[in-house]
Amino acid sequence: MQITDQMFNDWVRQHQRLLFGIAYWWTGSRTDAEELTQEAFLQAYRSRSSLRDVELIKGWLVGILRHCHSQMRRRTKSRKEVSFDEMLYEPQSRPTLSADALALHQSLDKLEERHRLPVVLFYFQDLSYREIAEALELPIGTVMSRLARARQQLHELMKAPTKLVLMKKAASL
């Protein structure tokens, strides 16, 4: 199938927020996230003829973003994660989280990356099992088992009485 520039531009508009959100979570920096998102779209444009199934565009783009992020990490040799609430909302518009939401976010932070990323992509970014498998270059069964394991771990973490850590930024004091 021939992918036109118009089709590609539509995909950029449709998926830019998704890729930026994931990139921001990975980098913790708006500037780095913008650069990473732009690089991912550039790589996607260059390799658009390799897309086998347009129904899998989200997973394909996230996979390219993941690859670009790996390259960036190798170049910078550093990695900083930010909390999930920062990934989901612009810093200025971040709502006050309920105790349950805060507990969930803190529990998610305790998961290993290999379990946390499929959870974020599935529940927060609405990717399908198939799209996640494509993005993470894993079999669908592995994605499903990692999600099941993550849900089990989250259930255990949420069941256990925990002390919620409320943090304020100095600028908001």
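Residues: numbered from 1 along the sequence shown.
Ring pair F41/F8 is perpendicular by interplanar angle, where above 60° counts as perpendicular and below 30° as parallel. The aromatic rings of Y129 and F122 lie parallel to each other, with less than 30° between the two planes, well short of the 60° mark.
Closest of all the heavy-atom pairs between I64 and S47 is CD1-OG, 4.1 Å. Annotation for T27 and A33: closest pair OG1-N, 3.6 Å, computed over non-hydrogen atoms. Residues F20 and E34 share a closest heavy-atom pair of CE1-CG, 3.6 Å. Residue L157 comes nearest to S107 through the heavy atom pair CD1-O, 3.6 Å, listed as atom of the first residue, atom of the second, then distance.
With hydrogens and angles ignored, the 3.5 Å screen pairs a side-chain donor or acceptor of R48 with a backbone N or O of Y45. Listed for the K58 side chain is a donor-acceptor partner under 3.5 Å among the backbone atoms of D126.
Take Q6 and apply the side-chain contact (heavy atoms from CB on, under 4.5 Å) test, not counting sequence neighbours, and it matches T4, D10, R13.
Between the CG atom of L65 and the CG atom of L36 there is a distance of 4.5 Å, given to the nearest 0.5 Å.
Exactly one residue among L111, L138, I132 makes a side-chain contact (heavy atoms from CB on, under 4.5 Å) with R146. That residue is L138.
Taking a cutoff of 4.0 Å between a charged side-chain nitrogen and a carboxylate oxygen, E112 and R116 do not qualify as a salt bridge.
L19 and L42 are not part of a single hydrophobic cluster, where members link through side-chain heavy atoms under 4.5 Å apart.
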ask   = Between L127 and L18, is a side chain to side chain contact (heavy atoms under 4.5 Å, CB included) present by the stated rule, with each step listed?
value = CA-CA 10 Å; L127 268 67; L18 165 71; 4.0 Å; yes
message = Determine whether W60 and E131 satisfy the following criterion, side chain to side chain contact (heavy atoms under 4.5 Å, CB included), listing intermediate values before the conclusion.
response = CA-CA 7 Å; W60 183 71; E131 291 168 328; over 6 Å; no
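In this structure, a donor-acceptor pair under 3.5 Å is absent between the side chains of E156 and Q152.
Contact check for H115 versus K110: no side-chain heavy atoms found under the 4.5 Å cut-off.
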